[in-house]
Amino acid sequence: MNFALRFIFREMRSSEVITLIVALIISVGTVTSISLFVDRLQLSFEQESANLLAADRLVRSDEPILTAWRQQATDLGLEQASRASFATMIFANNKLQLSQISAVSDTYPLKGSFLVDTQIFAKGFASSQSPQQGQIWLSSRLASLLNVNIGQEVEVGDKKLTVSKYLVLDPGSSTSAFAISPRAVMNVADVAATNVIIPGSRVRYSLMLAGNRDKLNQYETWIQPQLKDGQRWQTPKQKGQRIGQTIDKAESFLLLAGTLAVVLSGVAMALASSRFVKRHLMQVAVLKTLGATPRVLAKLFLLQLLFLFVIGALGGIVGGWLIQEGISSLLSSLMTTTLPEPSVSKLWLGIATGFISLIAFCLPLIIRLIQISPLSVLQPAARVEKNALAIYVVGFIGLYGLMCLYTQGFMLPSIMTLAIGGVGLVVSILGWVMFKLGRLATSGATSGWQIGLASLYRRLTPNLFQLLVFTLIIMLGLILVGIKTSLVSDWQAQLPKDAPNHYLFNVQANQVEGINDISQQLGLTSSSWFPMVRGRITKVNNDRIEKLYPEGKSEPELFEREMNLTWADQVGEGNKVVAGDFHANGISLEQERAKEAGITIGDKLTLNIGGISYTLPVTSIRTVDWGSMRPNFYVIVPKQLLSHYPANFVSSFFIKAGQEQAFYKAMSGYPTVSILNVGDLVKQIQTIIGQLSQAIQLVLLCILAAGALVLIASIGSTLEERREEGALLRVLGARASLVRQALIVEFGFLGLFSGIIAAIGAEASLYGVQTFVFKTEASWHPLLWALGPIIGVLLITSIGVFASRTVLKVPPMLLLRDF
Amino acid sequence: MDNITALQTHNLTHTVTSKTGDLTILKGIDLEIKEGESVAIVGSSGSGKSTLLGLLAGLDRNTSGDITLYNHSLTSLSEEKRALLRGEYVGFIFQSFHLLPSLEAIENVMLPAELKGDKQARQKAERLLEQVGLSHRLTHYPRQLSGGEQQRVAIARAFASEPKILFADEPTGNLDEENGKTIINLLFDLNRSQGTTLIMVTHDNKLASMCDRQLIMSAGQLKEGSL
């Protein structure tokens, strides 16, 4: 043990061990900083989404919230708000109107804010306060249907309430675009006095929570087992698929970035550990001749590895924490909201990376080292490379395992691996050809050009390896740029500037023409009109829903309620038929709902429309792009089924800023038509995209920094040879400037070749990633073809010349002292 | 020809600074070597032989005193200028060969000639390798050659730039007797045929006695001696 420690402290001073520690610190640090930063971004996205949920988390129940639930939240120190949503009649000026009421507590909303206005049909301003007791906020449409203004009273059941504002948006219900009844918001304290909620009333109660994430998780663990049917725990991620998809894409991207960090770390580890082992070969052989058993040696090196791991992991964690703090503070000046603190629990990923890398890249080499024959003392030529393949395989498995750990899946690591393997092959072939051509084009050693180009070919194996490393780094950098570009443009394509921001529904057939006129006068962009008829599914394959889902068994959303049916001649924009024939005489279902209800093509559904039942087979299944902001339908039926029913029409419009007032005013002639402004939702999504795109740039910067460090490490592994060569060239009469010029040419061309091959590889990988991971249409990226070579030359020349600067300084005298 | 002075030192002193204080390795050495001479420097380990050799070849700058190589004062020259001078006048053979591992034998030999911009580098290298008996090993890498063969390549390289003065640092130190003999014969043959001045550091008295002069290094001083 004493011996081992003494050994370690001696080792600490050697450059290889320092390199190994630095590599460990870099790998742990990079991964730590990225995983902490990603965590903060995810928390930030969650916060953004929480604004749509009006809380960090909520429990939804069909029964009043239990006191014990509230007590638990109080005990954990969580902020709380409550909401009860129900439909009821509102009475005013001798008019009755069915309305959807949200009764909320004073603390509501915990996240986000209401949009209200004092003008009818106006755009609204933010308000984080809920209605006071005795007050009610009516949507402009409801106010106009009831013919009341601000200051007047309406009756909700037995309680008279004063209209104090016009409601534009309730943050907690912003995504329920198809609520048919007009909305109102009142204070929950007034509900009891209305006497409208009686046993059997359909009320949706929500307990909204906000606060510390660990506490929220604690609360979730506590409440989940208690939840019965009709009760649900909701997180921001579940709220609104659109936001969910955005976060998922962000996650995919950032994990891809994480994978890149792992690859880079692995390369650095491999380089450092191979140098470490090379230096120990003779030492081990000598120790063996002195009688050291493999057991003693194994202990010795394992202790060393453990020691290195502890230092590297600690250094990496501290470094990583500092880096992400730095990035975040840089970012905070760019972002509107400050990033939440990262969770300490995310540190394990960096530690695991360090540990697995050490095992994958060092252990096999150490084992070979321990197995070295003592005879090697006498035959120094006998080297450890014999079983190099096995060592690479273990390293690869470790790396692949780490990538899987990162992405929690096999898809991305497999694509990455294939890409890297392909690049490795292509790089070897192209590199060989390019180096050979460079060598043929020059002969002699009179200029740096000749020496530089010639040494590319002369040091073929290490240069091919470096070419591969450089190519991978640049390629992955380019892939990130490409993904970022294509992700952002993909999102922008999904949410173009003129994405619909208003929905119009409850439009009667005879109103369509008039509204079209308004739209034309104002020059608005609109989607087509979809007819809607209310209906409900009552039987599946002639079994009644009530029988299939008896009391207490929660039914799928498809059967839960009355819904809007439509017909269409064409498959709608953003819809894609995945099974069956859309034009067949039957029902077309949205894929997710069909899956949830366990319905497939050929199942017979009985629809009740206006009291009459129709039984039809399901003839097609569609996917729907909910991000399109156009009206979409779960159920589409043949036209002849609905043609004799009076239909409501729905459409979506894009209304430019400043045109709203004119549009609302024109629409006041149609008080029965519901207008839903979703522009703020769109804005919210665009904010998230903006933040993500900034985050991507910074993560990219982070990775480039890691890449630069790997380059330095990889140059380090050929540094001794370069120093010797530099000294020798000087002894033979070469000027220092010639040696420098040769270095510039060598690294410059290495960079150029890397950049070119990287551009090819990036384009190919982007095709794969776009097609299979993000499922978007693949496209060309001309930018990459310019960026690759330029970045390659600049980056590698500067880093290469910097990292090998000692080559220029080594005194030629050293050659007499033995390297 | 005998009258030309290839190398001269006057009061050559070299001091290195170490943790334990300054250490004077060479103490006022005066030396003159005529063109075409072969000189052996012998002495015990650590007596400063290799340091002297390095300074004479202009690999480093001495602390005080003068070294003149073909009328160029090395002491006053920058490293840059000394490099040019080395390329022009000097050839080198090392104890541990110092072949570039990434270059083939022929490329190693071509290197000094190429640095001088010699268009005939390859032909010359081929001829030299043939002279050292390695014409069948042109495209081998150093690791594919035995120690003796590597040193033969190194000798070929040393003569490739047609140096006026050749420095050899323990040229047989890493070789067995047989290979050592071959190397020595080659070295002296080439030296004679090219008329080169030879300055050699060695432990081997037999080898030293083959040279015209023997200089004994002891405690930083140099004495003319005979073995």
Side-chain angles (χ1 to χ4, degrees), chain A residues 379-383 385 435 439 442-466 718 720-742 746 808-819, chain B residues 49-55 57-61 78-92 94-104 107-108 110-122 141 143-144 146-147 154 157-158 160-161 163 167 169-170 173-174 201:
Chain A
Q379 291 175 321
R383 290 282 145 154
E385 278 96 2
F435 292 164
R439 178 80 173 108
T442 56
S443 66
T446 45
S447 71
W449 281 95
Q450 291 168 328
I451 298 177
L453 276 176
S455 57
L456 276 179
Y457 182 67
R458 284 169 176 170
R459 239 193 305 276
L460 187 63
T461 318
N463 273 336
L464 279 181
F465 176 69
Q466 292 201 344
T718 60
E720 270 162 43
E721 195 187 319
R722 288 176 186 280
R723 279 163 58 96
E724 188 181 347
E725 185 177 313
L728 191 72
L729 281 170
R730 303 268 293 284
V731 167
L732 297 178
R735 280 166 297 130
S737 61
L738 182 79
V739 179
R740 185 183 302 115
Q741 200 188 355
E746 182 180 347
L808 301 170
K809 289 191 188 137
V810 57
M813 194 76 170
L814 274 186
L815 286 185
L816 293 176
R817 306 248 189 279
D818 245 352
F819 260 76
Chain B
K49 303 185 301 282
S50 290
T51 306
L52 176 62
L53 191 79
L55 290 174
L59 296 186
D60 202 354
R61 209 188 291 198
S78 65
E79 160 57 23
E80 202 65 15
K81 294 251 172 66
R82 275 186 279 128
L84 287 173
L85 211 61
R86 285 195 298 267
E88 183 69 27
Y89 292 103
V90 174
F92 240 109
F94 303 95
Q95 176 175 3
S96 40
F97 324 138
H98 288 307
L99 298 178
L100 292 186
S102 53
L103 300 193
E104 297 166 355
E107 290 172 328
N108 264 295
M110 284 161 66
L111 201 57
E114 281 188 304
L115 281 171
K116 274 184 160 181
D118 190 337
K119 294 254 189 287
Q120 304 292 312
R122 181 167 284 272
Y141 286 94
R143 63 169 185 281
Q144 297 167 313
S146 73
R157 180 180 67 187
S161 62
F167 292 91
D169 181 29
E170 301 272 12
N174 277 357
V201 163

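Below, read A as the first sequence line, B as the second, and so on, with proteins coming before strands; counting in each chain starts at 1.
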Pair B:L111-A:L729, side chain to side chain contact (heavy atoms under 4.5 Å, CB included): steps then yes or no: CA-CA 8 Å; B:L111 201 57; A:L729 281 170; 3.9 Å; yes
Worked check of side chain to side chain contact (heavy atoms under 4.5 Å, CB included) between A:L728 and B:F94: CA-CA 11 Å; A:L728 191 72; B:F94 303 95; 3.8 Å; yes
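- Across all their heavy atoms, B:R86 and A:R730 have their closest contact at NH2-O, 2.7 Å.
- Of the two parts of B:R157, only the side chain, counted from C-beta on, holds a non-hydrogen atom closer than 4.5 Å to a non-hydrogen atom of chain A.
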